Amino acid sequence: WRVQTGSPDRRGKKSYLGVVCVLLIVFVAAASASHDAPQDGTHDPTNVTHKKGFPVLLFNYDHVRTPFEISLWILLALLMKLGFHVIPRVSQVVPESCLLIVVGLLVGGFIKAIGEKAPALDDTLFFLYLLPPIILDAGYFLPVRPFTENVGTILVFAVVGTLWNAFFMGGVMYGVCQLEGGQLASVDLLSCLLFGSIVSAVDPVAVLAVFEEIHINELLHILVFGESLLNDAVTVVLYHLFKEFSAVGTVTVLDGVLAVVCFFVVSLGGLLVGAIYGVLGAFTSRFTSHTRVIEPLFVFLYSYMAYLSAEVFHLSGIMSLIACGVTMRPYVEANVSHKSYTTIKYFLKMWSSVSETLIFIFLGVSTVAGPHAWNWTFVVVTVVLCLVSRVMGVIGLTYVINKFRIVKLTKKDQFIVAYGGLRGAIAYSLGFLLPDHPMKTLFLTAIITVVFFTVFVQGMTIRPLVELLAVKKKKETRRSINEEIHTQFLDHLLTGIEGVCGHYGHHHWKDKLNRFNKTYVKRWLIAGERSMEPQLISFYNKMEMRQAMMMVESGSSAKLPGLISMQNIQPKVESRGRTIPKISKGREEEIRRILRSNLQQTKQRLRSYSRHDLFADPFEDMNENLSEMRFRKQRVEMERRVRLRVNEGRSAEERLFCRVFPISA
């Protein structure tokens, strides 16, 4: 942990942090390993032979053992994340997920060295407590516009690509097992297809952990991450399908038809459950103007209930959380206060970061805990097939997708999409869920190997490959009102063009949905005058909120302008029989002042980037004048030559006519 470069104070802080982390690792391992130890402070009342004095100090660790160990694990995760970001050299070479897995291996190794059983990452802990915060954070802050513009490509990769990976890997693995013989000869086709369905899906936790560090461009990020979110329905259906078939041993045509129906029920049912809870959460936030302190709780509880309700019916919990977050966010942000918005944002980020850290640490601990059944042929072929099937699937599907896309996916984009298909804790948890399967131990060993290979090898090499291939990076820019105006103008223009052509495409249905949302949905889910305000003013409110949060974070909250809060304005009672005014005079003047100030700031901000607004240079003005004079002389000379050539080819009568009527000539 000690770094040889930098100031002495900085090296000392890193050394102290390393010592604290090592001591905490030992303490966590010792606390987790202490089971049923007799406590010195307890005594049996039946064995009392004489009166004892009043106990001044007692030791009863079992009373607080569970919450104390949970707190120690969370503290260890936070210190590991802190130490990772304190040392910049490590963060530039090794992804954070790799370091956390190594920490888990150390903790698990220490627990096993002292002869105790290490805690494993079971399915209940992962699916009910650790995974929902990560998916909720990703769904609530999902960039909706890039996602909807590329939803066709994402669905093709998520559905068709996952099916291809599962059946290709399952079929090839069955052939390899039959050729190998021995222990692998007992693996049937359904078991191989079950294994293929487990390791075929891209893991959203691993993708988030790696792609957020390399700052890839928005298109590639939304393609890979969107695929990892939407392939959950395919994975769930295939997993339960092949698990039931492997137990029964026979498959009929009716079973295949029911499997297709089950896929639509799982995916669409999860989306419907999430949308219902999202609408309920937005409607509830409409009445929280007098109790602002409980506003964030409604967001967390409705989202978690959406996930649990989907899991009750074996629907896609991930898709339910995504639908709930996307549905709830625009209306909740219009109703809640600035402080509640800040609380929601940072609590989700904190919660998801801690869950992600604990997942990778528990992966390392579970690897040491075992048990393992190593088979070189099975494990190596699994790793190779994961790469081959991913590359073949991406290339084949992209060839078809590019025929329908306006912005084509280049070879570099295809490589990043194929290389970014990481596997993670979801595959391990699904393998852990197998009920007494004869090949469960072998499957878990192969799954852990695939996870380690994708996280360590692909995760550590994707950053240098992105730099080597010069892949476009993400640009951190802030949207302005000027950009929003032009975006809305282009949307309306494209919608009009589709209407003129008679083609009801993406923009037509998007405009229909926006009109329905503005006419009906906003009136019920947004309180006060904000349900009637234009989209441009709504965007300004969001921009002001982000600016205020940035100024507060930078410590310059005293410089915040005293703008009128547009969120807590209650609707005025209007007289009957009178036309409802859109906005009052005072509000109209406030809007005009807001737009004038922001458009002026936008113009000033862009002045340094425009070649037309550079500072005047006397030499440049002189050169421009000389160039203009030279251009005029050349133009006069060219016109004179043209007249001479024209006059040479005309007769005497035509020349006389041209002199009398020069305009017609």
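Owing to the predicted nature of the structure, the values given are computational and were not obtained by experimental measurement. Residue numbers run from 1 in the order of the sequence given. FYI, side chains are in, hydrogens and waters are out, and symmetry mates aren't considered; it's all heavy atoms of this structure.
Geometric assessment of K403 against the ring of Y399 yields a positive cation-pi assignment under the 6.0 Å and 45° thresholds. Annotation: cation-pi geometry satisfied between K440 and F432 (NZ/CZ under 6.0 angstrom from ring centroid, within 45° of ring axis).
V107 and W73 get closest at one heavy-atom pair: CG1-CH2, 3.6 Å. Residues N165 and S389 share a closest heavy-atom pair of OD1-O, 3.2 Å.
Summarising the local packing, NE2 of H240 is surrounded by more than 12 heavy atoms from other residues, nucleotides or ligands at distances under 6.0 Å.
Separation of the F300 and F347 ring centroids falls under the 6.0 Å cut-off.
Salt bridge present: R145 and E149 bring a charged side-chain N and a carboxylate O closer than 4.0 Å.
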Using residues 228-237 as the side-chain source, report each donor-acceptor pair under 3.5 Å to any protein atom, sequence neighbours left out, with the distance given to one decimal.
| unit_1 | atom_1 | unit_2 | atom_2 | d |
| --- | --- | --- | --- | --- |
| S228 | OG | F225 | O | 2.6 |
| N231 | ND2 | E227 | O | 3.3 |
| D232 | OD2 | S316 | OG | 2.4 |
| T235 | OG1 | N231 | O | 2.8 |

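A distance of 13.5 Å separates SG in C324 from CZ in R329, rounded to the nearest 0.5 Å.
Judged by distance alone, the side chains of Y277 and S309 do bring a donor and an acceptor atom under 3.5 Å apart.
By the 30° and 60° cut-offs, the orientation of the rings of F168 relative to W164 is parallel.
Side-chain N or O atoms of S352 include one that pairs as donor or acceptor with a backbone N or O of K349 at under 3.5 Å.
Legend: side-chain hydrogen bond (donor to acceptor under 3.5 Å, both in side chains) pairs involving residues 414-427, not counting sequence neighbours, sorted by first then second residue: Y419-T461.
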